[in-house]
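Written below as structure tokens is the structure these notes are about.
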Amino acid sequence: MTTATDPTPAAEPTPLCEPCQGIQRNWRGAPGHAELRQGNNRKELHGRAQVTVTGYFCDRCGAHWHYTNDKRNQRAGWSLAPD
């Protein structure tokens with residue numbers, strides 16, 4: 001009996017550049033870095049309030065970030081966008 005193997009290896013995530021590694025996640029008001037390029041923004045409903053979520057792309061490593069601006073939540077802020 002033979003075991004089937006997947007000929008395509010799982011795609012490894014691209015490592016974050018040093019400036020992206022330094023971004024403090026999930027903390028409102030934390031700074032990004034100079035090589036982040038702003039993309040689109042959208043409004044989302046969080047509880048009863050609308051918050052703005054802005055997308056950013058790193059010119060150095062290509063990481064896709066979201067910044068959630070929710071003044072009621074100190075734990076809002078930077079997060080990596082889901083793949």
Side-chain angles (χ1 to χ4, degrees):
M1 183 162 145
T2 61
T3 58
T5 58
D6 186 6
T8 57
E12 292 185 25
T14 305
L16 295 176
C17 63
E18 190 173 326
C20 279
Q21 290 175 16
I23 292 176
Q24 184 177 6
R25 299 181 196 188
N26 303 317
W27 195 256
R28 186 172 50 84
H33 69 79
E35 294 178 82
L36 291 177
R37 184 173 24 94
Q38 185 175 340
N40 295 330
N41 61 45
R42 66 184 183 278
K43 300 282 187 184
E44 287 185 359
L45 194 59
H46 285 205
R48 295 184 199 155
Q50 266 195 340
V51 300
T52 302
V53 178
T54 305
Y56 290 85
F57 295 91
C58 178
D59 284 336
R60 186 184 289 192
C61 69
H64 181 193
W65 291 90
H66 284 163
Y67 185 82
T68 303
N69 189 7
D70 183 354
K71 295 181 180 179
R72 300 173 309 117
N73 181 3
Q74 186 63 40
R75 293 285 181 181
W78 293 103
S79 62
L80 282 170
D83 290 336

When the side chains of residues 19-31 are checked against the rest of the protein, which donor-acceptor pairs come out under 3.5 Å, sequence neighbours left out?
unit_1 : atom_1 : unit_2 : atom_2 : d
Gln21  : NE2    : Leu16  : O      : 2.8
Arg28  : NE     : Asp70  : O      : 3.3
Arg28  : NH2    : Gln74  : OE1    : 3.2

Let me check something: any side-chain donor-acceptor pairs from residues 38-53 under 3.5 Å, sequence neighbours excluded? List them with distances.
unit_1 : atom_1 : unit_2 : atom_2 : d
Arg42  : NE     : Glu44  : OE2    : 2.9
Arg42  : NH2    : Glu44  : OE2    : 2.9
Lys43  : NZ     : Thr52  : OG1    : 3.0
Glu44  : OE1    : His46  : NE2    : 3.1

Distance-only check: which donor-acceptor pairs under 3.5 Å involve side-chain atoms of residues 59-66, not counting sequence neighbours?
unit_1 : atom_1 : unit_2 : atom_2 : d
Asp59  : OD1    : Arg37  : NE     : 3.0
Asp59  : OD1    : Arg37  : NH2    : 3.3
Arg60  : NE     : Glu35  : OE2    : 3.1
Arg60  : NH2    : Glu35  : OE2    : 2.9

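Phe57 and Leu80 sit in two unconnected hydrophobic clusters of ILVMFWY residues. Membership requires side-chain heavy atoms under 4.5 Å apart, directly or through other members.
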